[in-house]
Structures are given as structure tokens and as C-alpha cells.
Engineer: 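My questions all concern the structure below.
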Amino acid sequence: MTLIAHVSDPHLADDGGRSAGRVERVVDYLRRLRRPVDAVLVTGDIADHGLPAEYAAAKALARVGVPLLQLPGNHDERSAFRQALLGSAAGAGPVDQVARVGDLTFALCDSSVPGRDDGWLAPATLAWLDGVLAGGAPTFVCFHHPPVTIGHPDMDRLRQFGEERLAEVLGRHPNVVALLCGHIHSATVSTFAGVPLLAAPGVASTLVLPWEGDGWLDREAPPALAFHLYEDGRLTTHYRLVP
Ligand SMILES: [Fe+2]
Ligand SMILES: [Fe+2]
């Protein structure tokens with residue numbers, strides 16, 4: 001059995017300790033578990049403004065003591081992300097990474113587009129993903145922006161576009177377990193290209209749905225996360241509020 005904690009959108013900022021405090025709550029919760037998770041996946045918007053000081057605060061996640069799989073969102077900055085979180089050289093190209101946890105492969109795709117808030121997978125990212133999936137291992141395809149609408153018109157304008165190209169790649173490979181994303185700050189389940197699509201709720205805030213009230217984000221809602229449990233070739237996801 002492989003157990004993954006999926007957190008997203010901490011939006012770390014110089015905000016009087018609010019965002020860092022929420023990350024601490026998540027870290028403390030994960031450290032208290034009776035069985036440690038095998039990895040923590042963070043699906044973007046790690047730094048609110050892509051600043052080095054914000055990425056320095058993100059190092060608190062390492063206190064969980066398990067491998068961290070981190071990918072950028074629209075609020076991140078590729079060079080600062082690379083330097084601070086991956087220890088690699090500055091670079092403006094997509095931050096695409098592959099990670100292995102037990103028998104599982106995680107394809108971490110960069111759906112961010114510098115200077116924009118909506119998302120798109122570059123041709124080089126899709127070609128790279130095609131190659132990763134050809135390896136045949138059960139694979140989670142991860143990115144920040146969901147490639148579908150979710151019933152929130154403002155958020156839907158900021159989704160991942162060009163999604164028919166992603167569907168074509170996924171259609172060639174039966175070994176995709178699920179698509180994992182962030183960005184929408186909501187514990188949300190959908191499908192794309194016949195595959196489960198699971199969004200992590202937000203650490204920083206929670207999406208307000210049009211039938212719940214006005215405004216985009218509820219900053220009073222507690223941080224939340226997803227547990228993805230992979231056992232006997234099957235995925236089970238539990239969503240949890242963090243105390
Ligand atoms: Fe976000
Ligand atoms: Fe985002």
C-alpha cells in the first residue's frame with residue numbers, strides 16, 4: 001500500500017505569519033499520523049508572489065520527513081522555484097519532473113504559463129509526458145490547473161486550456177491511475193479523458209461556490225488536504241480538514 005498526502009496552494013506570503021502558520025498546521029498534522037505518508041505532493045501556488053523569501057518559508061514542508069513532490073502554479077516563478085525547492089539552476093522553461101514512490105510513478109507537469117493565470121501544457125511537456133507514460137508503470141499525472149470546468153465561472157476562465165492535446169496523450173496509455181491537480185482551492189472530484197481527476201483543497205483558502213455565496217475564496221475555512229491510498233491496483237481518496 002502506498003499513501004500520499006496531497007496538499008496545494010499554500011500561497012506563502014509576507015502576511016504576518018498567516019500563510020506560514022497554516023503550513024505549520026498541515027506539517028504538524030502529518031507528523032502526528034500513526035502511519036507516516038510515503039510522500040507529500042504539493043500541486044502549486046507554493047509562493048504567492050514567486051519570491052525567494054516565500055520559497056524559504058516553504059522549506060517547512062520538509063519537516064514532515066518524507067519525500068516532497070512539488071510542482072509550480074500560476075503564482076510561482078520558475079527560476080526561483082527551481083533554485084529554492086529543487087536545488088537546480090535558474091531556468092525559464094517548464095519545470096517537468098518525474099518521481100517514483102514505491103511502484104508508482106508521478107509525472108509532475110508544469111501547466112503554468114509565465115505572466116498568465118490560466119494554464120497550458122507546452123508541446124515539450126506533452127512529449128515528455130508521453131515518454132514517461134510509455135514506461136508502463138502505474139502513473140499519477142499531476143499539474144496545477146485542472147483541464148476541465150468545475151461550475152465556477154471565474155475559476156473556469158483560469159483552467160488549463162488546450163486540453164484536447166492532453167487527452168490525446170492520455171488516450172495512448174492505459175497506465176494512468178488518476179490526474180491530480182490544485183489551483184481551484186476545493187476538494188473536487190471529476191473525470192477527464194475517462195480518468196479520475198482529483199483536486200486538492202487549498203491550504204490558504206477554500207473556493208466559494210456560486211450557490212454558496214459571493215466572492216472567490218473563504219480565508220476563514222480551515223486548511224484541508226487529500227490522502228490518496230493506492231492498494232491492490234486501486235485508488236481510494238479521503239479528504240480531510242486539518243485541525
Ligand atoms: Fe491558488
Ligand atoms: Fe493557481
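In listed order, ligands and their atoms are each counted from 1.
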Engineer: Parallel, tilted or perpendicular: which describes the rings of Phe81 and Tyr55, with under 30° parallel and over 60° perpendicular?
Structural biologist: perpendicular
Engineer: Using the ring of each side chain (for Trp, its six-membered ring), is His6 parallel, tilted or perpendicular to His228, with breaks at 30° and 60°?
Structural biologist: tilted
Engineer: Taking the inter-plane angle between the rings of His152 and Trp216 on a 0 to 90° scale, is it parallel (under 30°), tilted (30 to 60°) or perpendicular (over 60°)?
Structural biologist: tilted
Engineer: If I consider every N, O or S atom in His183, which one ends up closest to the Fe ion (ligand 2)? I only need its name.
Structural biologist: ND1
Engineer: Verify the distance test for Asp45 against the Fe ion (ligand 2): any N/O/S atom under 2.8 Å, yes or no.
Structural biologist: yes
Engineer: Heavy atoms only: give me the nearest Arg165-Ala122 pair and the separation to one decimal.
Structural biologist: NH1-C, 4.5 Å
Engineer: Restricting to N/O/S, name the atom of Asp9 that gets closest to the Fe ion (ligand 1).
Structural biologist: OD2
Engineer: Any side-chain donor-acceptor pair under 3.5 Å between His144 and Asn74?
Structural biologist: yes
Engineer: Under 2.8 Å from the Fe ion (ligand 2), can any N, O or S atom of His144 be found?
Structural biologist: yes
Engineer: Hey, is the Fe ion (ligand 1) within less than 2.8 Å of some N/O/S atom on His185?
Structural biologist: yes
Engineer: Under 2.8 Å from the Fe ion (ligand 1), is there an N/O/S atom belonging to His75?
Structural biologist: no
